[in-house]
Amino acid sequence: MKNEIEKTIKNGDEFKITFYPQNKNYDVADHQVQSDTRFAKWDNDCAFISKPKTKTASPYIKFFDVEKNEYRTATTKYRAVSIFLNNKNYTWNRY
């Protein structure tokens, strides 16, 4: 079943995404995990991946980072991903 944000978001939507990047948090205890917030845009290459191909991978969202001008992934390895779109906050978590 699709999460509410998966039903709502569409191509061209700009939003703010908050997540816990693995590269920033790889060597800290879970209670010290730090978040990152980015301005993002949704397009045809973006996706919600709830079932990664490997058993050790966590669900993630592929999004376009407007500031870095590149695609990035937001994983649910540490905590749920938060998306702020159209003055509403959505939580995406596929454990």
Side-chain angles (χ1 to χ4, degrees):
M1 187 166 112
K2 282 189 174 185
N3 188 292
E4 186 178 359
I5 186 62
E6 292 177 72
K7 297 175 192 174
T8 305
I9 202 163
K10 58 187 178 304
N11 286 344
D13 280 346
E14 293 184 0
F15 55 96
K16 202 175 346 177
I17 186 167
T18 301
F19 60 103
Y20 300 84
Q22 288 179 286
N23 62 340
K24 184 189 227 181
N25 296 297
Y26 72 96
D27 63 349
V28 298
D30 283 347
H31 69 281
Q32 295 177 318
V33 170
Q34 297 178 8
S35 66
D36 194 4
T37 299
R38 310 298 301 167
F39 290 101
K41 189 170 185 176
W42 197 261
D43 64 24
N44 285 330
D45 291 326
C46 298
F48 293 94
I49 310 298
S50 58
K51 294 183 180 179
K53 294 180 181 180
T54 65
K55 290 182 181 182
T56 57
S58 299
Y60 64 92
I61 299 172
K62 179 182 174 186
F63 66 94
F64 185 78
D65 186 324
V66 174
E67 293 174 36
K68 297 239 183 212
N69 197 33
E70 65 185 12
Y71 289 95
R72 295 187 66 188
T73 57
T75 180
T76 60
K77 178 177 181 171
Y78 297 104
R79 295 189 181 50
V81 174
S82 177
I83 296 173
F84 188 73
L85 171 67
N86 299 328
N87 294 320
K88 186 173 179 185
N89 197 48
Y90 300 88
T91 300
W92 190 79
N93 188 358
R94 290 295 176 124
Y95 286 112

Quick one: side-chain hydrogen bond (donor to acceptor under 3.5 Å, both in side chains) partners of Asn11, sequence neighbours excluded? Asn44

So does Lys88 get a backbone contact from the side chain of Asn86, meaning a donor-acceptor N/O pair under 3.5 Å? no

CG on Leu85 to OG1 on Thr8, rounded to 0.5 Å: 7.0 Å

Honestly curious: do Phe48 and Tyr90 fall in one hydrophobic cluster under the side-chain, below-4.5 Å linking rule? yes

With salt bridge (Lys or Arg N to Asp or Glu O under 4.0 Å) as the rule and sequence neighbours excluded, what pairs involving residues 48-60 come up? none

Please verify the inter-ring angle class for Phe64 with Tyr71; under 30° counts as parallel, over 60° as perpendicular, anything in between as tilted. perpendicular

Report yes if some heavy atom in the side chain of Phe19 is under 4.5 Å from a heavy atom in the side chain of Thr75; otherwise report no. no

Answer yes if Phe63 and Tyr60 sit in the same cluster of Ile, Leu, Val, Met, Phe, Trp and Tyr residues linked by side chain heavy atoms under 4.5 Å apart, and no otherwise. no

Any idea which heavy atoms bring Pro59 and Ser50 closest together, and the distance? CG-O, 3.7 Å

Can you classify the ring geometry of Phe15 versus Trp42 as parallel (below 30°), tilted (30 to 60°) or perpendicular (above 60°)? tilted

Ile9 side, atom CD1; Ile83 side, atom CD1 - distance, nearest 0.5 Å: 5.5 Å

Non-neighbouring partners of Asp65 that pass side-chain hydrogen bond (donor to acceptor under 3.5 Å, both in side chains), sequence neighbours left out: Arg38, Arg72

Which heavy atom of Cys46 sits nearest a heavy atom of Lys41, and at what distance? SG-O, 3.7 Å

For the CG atom of Asn93 and the CZ atom of Arg79, what is their distance to the nearest 0.5 Å? 11.5 Å

Does Phe39, at its CZ atom, have more than 12 non-hydrogen atoms belonging to other residues, nucleotides or ligands within less than 6.0 Å? no

Is there a path from Val81 to Ile5 through hydrophobic residues (I, L, V, M, F, W, Y) whose side chains come within less than 4.5 Å of each other? yes

Taking every non-hydrogen atom, the tightest pair across Val66 and Ala40: CG2-C, 3.7 Å

Would you mind reporting whether Ile49 and Lys62 have side-chain heavy atoms less than 4.5 Å apart? no

Could you give the distance from NZ (Lys16) to CG (Asn89), rounded to the nearest 0.5 Å? 9.5 Å

